[in-house]
Amino acid sequence: MKSIYKILIVFSFILSLYAARGDIMMVINKIPSVNRVISYNKSQFIKLVETEVVPIVKKSEIPGPLRVVSDYLKGNTSLDKNNVIKITNKYRKENGNLGALVDSPKLDLSAQKKLKDMFDGQYFEHVSPSGLSVGDLGGQVGYEYILIGENLALGNFKNDLGLVDAWMASPGHRANILNTHYTEIGVAVGKGKYEGKNVWIAVQHFGTPKSICPEIDQSLRNTIEMNRIKIKNMENDFNIRKSNLDLKSIIEGNTYFEQINKYNNLIEVYNKLSADTKQEVDDYNVQIAEFNLCLANNQ
């Protein structure tokens, strides 16, 4: 009887060992093997924005400066910049019902700089002796433009209407006044000594500001660039981890299966970041396309 009891104890012990071994095997089977490492797809991420911003080709419309010889040194002219703008807009309305030009403080300032520079430098040209043009003056006053233009006139005009009529009678100056792309204007008028005579000089600056086009989100571009760096660093990291897994090395005090889990988690984060960044790139490219279309339609 005792022998049978001993046999039963030994048999129970053996069964418990197999049961324990089975539990261990089940746990091991739940751990992904190296063959189950999640793969990553580099094609999910466009590494560089596909559509770049088209550089703004800043155009200037500058017909030859207008000298009104017949009225030179005649009359007691008193010109007013607000009236010049008002009459200019009147002619725009009468010729194709064009929109009124908005008085721009920055263009007023660039026109004033041009007026002062011509009197100080005793020249009457669109390009100064130092090589500055209307585009340069626009840049000096912080006017970001797509299109910019300039009308100049010298003479003693009967009045503001006489000044604008003189511009309208000149094809190049008329084209500036009636340009459908311009939305803003700045004017400066002043009397002073030129070539030893008292004379009026008038300046019109026309502009199409960059702000009329949809804004490109530069913070989004910065986010894309930062994500590119993160993704590159992650690629370097899990490539090293993958090499260690292939060699079945023990690193960072982690078991082989712990390394697999860390690798797989890293790949999941990488793939999500890649997908999110690709969407950001797509959104950014849409903004660029809209901006470029606006540029093309306003030049």
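Below, all heavy atoms of this structure are taken into account, side chains as well, without hydrogens, waters or symmetry copies.
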Open item on the list: Please evaluate residues I267 and M234 with respect to the criterion side-chain contact (heavy atoms from CB on, under 4.5 Å), reporting the C-alpha separation (whole Å), side-chain torsions for both, the decisive distance (0.1 Å), and the verdict.
Closed with: CA-CA 9 Å; I267 292 294; M234 290 177 74; over 6 Å; no
Open item on the list: Side chains of N222 and S219: any donor to acceptor distance under 3.5 Å?
Closed with: no
Open item on the list: Is a donor from one side chain sitting under 3.5 angstrom from an acceptor on the other, for Q122 and Y194?
Closed with: no
TODO: Taking the side chain as every heavy atom from C-beta outward, state whether R174 and I177 have any pair of such atoms under 4.5 Å apart.
DONE: no
Open item on the list: Between T277 and S274, does the side-chain contact (heavy atoms from CB on, under 4.5 Å) criterion hold? Intermediate values first, please.
Closed with: CA-CA 5 Å; T277 304; S274 294; 5.8 Å; no
Task: For N198 against N156, the heavy-atom pair lying closest together - done: O-ND2, 3.8 Å
- [ ] Identify the heavy atoms of A111 and H205 that sit nearest to each other, and give their distance.
- [x] N-ND1, 3.3 Å
Task: Distance, nearest 0.5 Å, that separates CG of N298 from OG1 of T208 - done: 6.5 Å
- [ ] Report yes if the side chains of V189 and I201 come closer than 4.5 Å at any heavy-atom pair, otherwise no.
- [x] no
Task: Closest approach of K116 to D120 (non-hydrogen atoms, all atoms of both residues) - done: NZ-OD2, 2.6 Å
Task: Neighbour count above 12 (heavy atom, 6.0 Å) for E94 CD - done: yes
Open item on the list: If we ignore hydrogens and angles and just use 3.5 Å, is the side chain of N297 paired with the main-chain N or O of L293 as donor and acceptor?
Closed with: yes
Task: Note: K113-D117 ion pair, threshold 4.0 Å (strictly below) - done: no
Task: Cluster check V102, L98: I/L/V/M/F/W/Y, side chain < 4.5 angstrom - done: no
Open item on the list: Check for me, please, whether I216 and I146 land in the same ILVMFWY cluster - side-chain distances under 4.5 Å, paths through other members count.
Closed with: yes
Open item on the list: Please check this pair: side chain of W167 against backbone of N176, looking for a donor-acceptor N/O pair closer than 3.5 Å.
Closed with: no
Task: Donor-acceptor side-chain pairing of Y143 and E184 below 3.5 angstrom - done: yes
Open item on the list: Evaluate K191 against L79 for side-chain contact (heavy atoms from CB on, under 4.5 Å), listing each step before the verdict.
Closed with: CA-CA 9 Å; K191 192 174 185 179; L79 301 179; over 6 Å; no
TODO: Kindly indicate whether the side chain of V164, heavy atoms from C-beta on, has any atom under 4.5 Å from the side chain of N83.
DONE: no
TODO: Check the side chains of Q279 and D283 for a donor-acceptor pair under 3.5 angstrom, ignoring hydrogens and angles.
DONE: yes
Open item on the list: Do L152 and E125 have side chains that approach each other closer than 4.5 Å (heavy atoms only, starting at C-beta)?
Closed with: no
Open item on the list: Looking at D108 and V187, would you say the former's side chain and the latter's main chain have a donor-acceptor pair under 3.5 Å?
Closed with: yes
Task: M226 CE to T223 OG1 distance, which is reported to the nearest 0.5 Å - done: 4.5 Å
Task: Within one Ile-Leu-Val-Met-Phe-Trp-Tyr cluster: L115 and Y123, side-chain cutoff 4.5 Å - done: yes
Open item on the list: Quick test of your reading: applying disulfide bond (SG atoms under 2.5 Å apart), list the pairs with at least one residue in residues 97-193, sequence neighbours left out, ordered by first then second residue.
Closed with: none
Open item on the list: Checking the side chain of D160 only, and the main-chain atoms of K81 only, is there a donor and an acceptor separated by less than 3.5 Å?
Closed with: no
Open item on the list: Could you report the tightest heavy-atom contact between G135 and I148, atom names first, then the distance?
Closed with: CA-CG2, 4.2 Å
- [ ] Look up atom CE in M168 and atom CG in N151, then write down how far apart they are to the nearest 0.5 Å.
- [x] 10.5 Å
- [ ] Answer yes if the side chains of R92 and N97 hold a donor-acceptor pair under 3.5 Å, and no otherwise.
- [x] no
TODO: Indicate yes or no: at least one non-hydrogen side-chain atom of W200 is less than 4.5 angstrom from one of L154.
DONE: no
Open item on the list: Taking I185 as the starting point, is it possible to reach L178 by hopping between hydrophobic residues whose side chains are less than 4.5 Å apart?
Closed with: yes
Task: Euclidean distance, F206 CZ relative to Y145 OH, rounded to 0.5 Å - done: 15.5 Å
TODO: Would you name the heavy atoms of Y182 and G207 that are closest together and state the gap between them?
DONE: CD2-N, 3.6 Å
TODO: Classify the side-chain pair T88/Q204 by whether it contains a donor and acceptor separated by less than 3.5 Å.
DONE: yes
Open item on the list: For L137, is there any backbone N or O sitting under 3.5 Å from a side-chain donor or acceptor partner on K114?
Closed with: no
Open item on the list: Could you walk me through whether I85 and L101 satisfy the side-chain contact (heavy atoms from CB on, under 4.5 Å) test, starting with their C-alpha distance in whole Å, then the side-chain angles of each, then the deciding distance to 0.1 Å, before giving a yes or no?
Closed with: CA-CA 8 Å; I85 294 174; L101 300 174; 5.7 Å; no
Open item on the list: Please evaluate residues D217 and R221 with respect to the criterion salt bridge (Lys or Arg N to Asp or Glu O under 4.0 Å), reporting the C-alpha separation (whole Å), side-chain torsions for both, the decisive distance (0.1 Å), and the verdict.
Closed with: CA-CA 7 Å; D217 187 356; R221 175 62 183 262; over 6 Å; no
- [ ] Mind checking the NZ-CZ spacing from K210 to F291? Nearest 0.5 Å is all I need.
- [x] 5.0 Å
Task: Spatial distance of atom CG (L161) from atom OH (Y91) [nearest 0.5 Å] - done: 4.5 Å
Open item on the list: Please list all pairs meeting disulfide bond (SG atoms under 2.5 Å apart) that have one or both residues in residues 255-299, counting only residues at least two apart or in different chains.
Closed with: C213-C294
- [ ] Please report the closest heavy-atom contact between V127 and S133, naming both atoms and the distance.
- [x] CG2-CB, 4.4 Å
